[in-house]
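Chain A is the first sequence line, chain B the second, and so forth, proteins listed ahead of strands; every chain is numbered from 1. What's counted below: heavy atoms across the whole structure, side chains too, no hydrogens, waters or symmetry copies.
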Number of protein chains: 2
Amino acid sequence: MINIGIFNEHRLSLEGTCRLLLENKEFNVLFTCDERAGLREKMKPGPVHVLLLTMHEISINSVNIIVQLCIENPKTRILVMSLTDSEEIILKTIKAGAKGFLGPESSYRDLVEAIYTIRSGHDYFSKSITQLLLNRYIKNLKEDDNSTENDLSSLSARQVEILKFWGNGFSNQEIAEKLFISIRTVESHKNHIMQKLNLKNTVDLVKFGIKNNIIEI
Amino acid sequence: MINIGIFNEHRLSLEGTCRLLLENKEFNVLFTCDERAGLREKMKPGPVHVLLLTMHEISINSVNIIVQLCIENPKTRILVMSLTDSEEIILKTIKAGAKGFLGPESSYRDLVEAIYTIRSGHDYFSKSITQLLLNRYIKNLKEDDNSTENDLSSLSARQVEILKFWGNGFSNQEIAEKLFISIRTVESHKNHIMQKLNLKNTVDLVKFGIKNNIIEI
DNA sequence: CTCTCCCTACGTGAAACACGTAATTCCTTT
DNA sequence: AAAGGAATTACGTGTTTCACGTAGGGAGAG
């Protein structure tokens with residue numbers, strides 16, 4: 001038996017969703033709610049396993065509500081349903097703590113599957129949302145890669161070694177001791193690196209190291 | 001009509017796949033290949049729209065092959081099929097340029113869909129792969145968020161301002177001039193920031209700025 | 001054999017850092 | 001109203017790092 005709370009500012013939709021969910025014997029609709037003001041109050045009494053939040057328009061304010069609900073009800077898993085197609089917003093709701101997101105194309109079947117999925121501890125994203133997230137991720141991945149290994153290959157192994165140490169907490173003095181060379185040599189290496197990469201300051205050097213995965217962030 | 005090349009080191013699987021694909025009148029199997037050595041040669045003659053690469057075991061070497069194929073045949077879209085479940089490897093094949101990835105659970109129906117999908121210019125990932133990528137992405141998202149805004153909020157607006165300038169290419173001298181304050185004051189601000197955040201060196205300060213989105217990488 | 005790149009190292013002046021001190025202002029708490 | 005605290009401003013002093021030039025020895029390429 002899964003305890004469900006339903007929020008939807010359109011009363012008709014709210015009742016419709018409620019009816020649909022009640023058709024499934026394993027679903028127990030604890031409450032329905034059609035205004036934001038009362039939602040936090042309605043969450044208090046019982047253990048709500050899944051909260052179905054229908055957000056016709058998601059704004060930053062909505063995101064804050066999700067954050068707050070998550071804090072106040074750590075055991076409740078939030079499933080967001082919305083027609084929005086703004087990546088920005090969707091990402092924010094996920095960051096805020098939503099465990100699932102149903103896009104506009106989702107059917108009743110999807111809703112049921114989503115409820116089971118997030119109840120069992122996994123995340124659920126409908127097809128369009130998945131596509132959206134994935135596209136973005138893939139794009140990130142490839143961008144990461146393009147900026148990687150291009151310039152790094154122009155550095156010698158020694159230069160990379162010095163940069164690694166320096167970028168991960170060691171002072172020039174410490175590097176010199178570790179590698180049994182003069183501190184002046186360490187400085188020279190860094191100078192050569194900066195010249196080779198045409199960097200103007202050490203801040204850019206750190207950025208370079210991070211982009212190329214030799215400095216841990 | 002879609003021109004397809006098939007690579008599979010198991011000859012039986014290769015033939016089976018070929019037969020299956022030939023059932024679809026729109027698929028034109030240009031060649032089959034069962035050894036790595038000959039693959040690049042077989043790609044040369046015609047325009048291969050989709051290359052189906054079955055990799056029973058994907059290694060770094062396999063990834064390099066993909067990279068090379070992509071360079072030599074920029075118009076060919078590569079669809080990888082593999083039983084591996086190593087995130088590392090899957091990510092690398094995607095970075096290397098593969099346009100699709102079919103996991104172990106994929107059916108013939110999925111294969112056909114995948115071929116149409118990547119032929120039309122989109123990426124295709126089977127359910128298990130999608131799940132894998134998404135989990136990782138969501139995890140990244142949340143991690144990003146956890147490390148954000150937590151510590152940054154402890155800094156004053158002025159401190160953030162100085163950090164922003166410094167992290168984006170300005171020297172202390174330049175910042176001082178821009179803000180009409182002494183260079184010593186700029187130094188003071190940075191000192192206070194480092195103390196407040198308990199950072200040991202400027203490298204860490206850069207990392208902090210990047211994590212908190214006030215320094216562009 | 002020459003040329004280039006890499007690793008090593010130093011000199012010097014400028015810039016940045018570490019750490020302490022301190023005055024003024026503004027805000028909160030008592 | 002008074003006290004406390006944080007923020008912004010600033011300086012002193014000693015250390016470290018940076019920027020730029022110079023330079024010798026070694027390894028590899030042409």
Side-chain angles (χ1 to χ4, degrees), chain A residues 148-217, chain B residues 148-217:
Chain A
T148 304
E149 304 193 83
N150 282 359
D151 291 314
L152 205 166
S153 58
S154 69
L155 295 185
S156 70
R158 191 61 152 180
Q159 289 167 342
V160 171
E161 191 179 13
I162 268 96
L163 185 50
K164 245 181 208 169
F165 278 120
W166 177 75
N168 292 109
F170 295 88
S171 69
N172 290 351
Q173 183 61 53
E174 290 169 329
I175 298 170
E177 285 164 9
K178 223 169 235 302
L179 301 180
F180 304 105
I181 55 179
S182 158
I183 190 174
R184 314 304 310 276
T185 307
V186 178
E187 288 173 8
S188 277
H189 278 300
K190 275 182 27 204
N191 280 332
H192 293 153
I193 294 171
M194 308 262 289
Q195 279 171 23
K196 206 185 265 189
L197 299 176
N198 196 27
L199 301 179
K200 283 172 291 300
N201 51 56
T202 51
V203 175
D204 287 337
L205 189 56
V206 176
K207 294 178 186 177
F208 171 85
I210 292 171
K211 278 191 218 163
N212 290 84
N213 291 323
I214 59 178
I215 295 180
E216 290 173 30
I217 191 163
Chain B
T148 304
E149 304 193 81
N150 282 359
D151 291 316
L152 203 166
S153 58
S154 68
L155 295 185
S156 72
R158 190 63 152 179
Q159 289 168 342
V160 171
E161 191 179 13
I162 267 98
L163 186 49
K164 245 181 208 171
F165 278 120
W166 177 76
N168 291 110
F170 295 88
S171 68
N172 290 352
Q173 184 62 53
E174 289 169 329
I175 298 170
E177 285 164 9
K178 223 170 235 301
L179 300 180
F180 304 106
I181 54 179
S182 158
I183 189 174
R184 311 304 309 278
T185 307
V186 177
E187 289 174 6
S188 276
H189 279 300
K190 283 197 358 221
N191 280 333
H192 293 152
I193 295 171
M194 308 261 289
Q195 278 171 25
K196 206 185 263 188
L197 300 175
N198 197 27
L199 301 178
K200 283 172 292 301
N201 51 55
T202 51
V203 175
D204 287 337
L205 188 56
V206 177
K207 294 178 186 177
F208 171 84
I210 292 171
K211 277 191 217 162
N212 290 83
N213 291 322
I214 59 178
I215 295 181
E216 288 174 31
I217 192 163

What are the atom names and distances for every N/O pair under 3.5 Å that joins the protein to nucleotides 25-30 of chain D?
none

Nearest-angstrom distance from the residue atom [atom1] of [X] to [atom2] of [N]:
X: A:Ile175; N: D:dC18; atom1: CD1; atom2: C1'; answer: 14 Å
X: B:Glu177; N: C:dA15; atom1: CD; atom2: P; answer: 11 Å
X: A:Trp166; N: D:dT16; atom1: CH2; atom2: C1'; answer: 13 Å
X: A:Asp204; N: D:dC18; atom1: CG; atom2: C1'; answer: 14 Å
X: A:Glu174; N: D:dT15; atom1: CD; atom2: P; answer: 17 Å
X: B:Phe170; N: C:dA16; atom1: CZ; atom2: P; answer: 13 Å
X: B:Leu199; N: C:dC17; atom1: CG; atom2: C1'; answer: 13 Å
X: B:Met194; N: D:dT17; atom1: CE; atom2: C1'; answer: 13 Å

Any B:Lys190 side-chain nitrogen or oxygen under 4.0 Å from OP1 or OP2 of C:dC17: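 For C:dC17, OP1/OP2 do have a side-chain N/O of B:Lys190 under 4.0 Å.
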
side-chain N/O A:Asn201 vs D:dA19 OP1/OP2, d < 4.0 Å: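 Answer is no, no contact under 4.0 Å.
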
Residue mapping more 5' on DNA chain D - nearest nucleotide basis, A:Gln173 or A:Gln195: A:Gln173

Under 4.0 Å protein heavy-atom contact, by nucleotide of nucleotides 5-13 of chain C - B base, S sugar-phosphate only: -SSBBBBB-

Results of side-chain contact (heavy atoms from CB on, under 4.5 Å) for A:Asn191 - residues two or more places apart only: none

Stepwise side chain to side chain contact (heavy atoms under 4.5 Å, CB included) test for B:Leu155 and B:Phe208: CA-CA 12 Å; B:Leu155 295 185; B:Phe208 171 84; 3.9 Å; yes

Check: A:Val206 main-chain N/O paired with B:Lys207 side-chain donor or acceptor under 3.5 Å: no

The single option from A:Val160, A:Leu179, A:Ile215, A:Asn172 passing side-chain contact (heavy atoms from CB on, under 4.5 Å) against A:Phe165: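 Only one option passes, and that is A:Leu179.
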
Count the heavy atoms of every other residue, nucleotide or ligand shown that sit under 6.0 Å from [atom1] of [X], and state whether that count exceeds 12.
X: A:Glu177; atom1: CD; answer: yes
X: A:Glu174; atom1: CD; answer: yes
X: B:Lys196; atom1: NZ; answer: yes

Steps toward salt bridge (Lys or Arg N to Asp or Glu O under 4.0 Å) verdict (B:Glu187, B:Arg184): CA-CA 5 Å; B:Glu187 289 174 6; B:Arg184 311 304 309 278; 3.3 Å; yes

Salt-bridge contact A:Glu161-A:Lys164 (side-chain N to carboxylate O under 4.0 Å): no

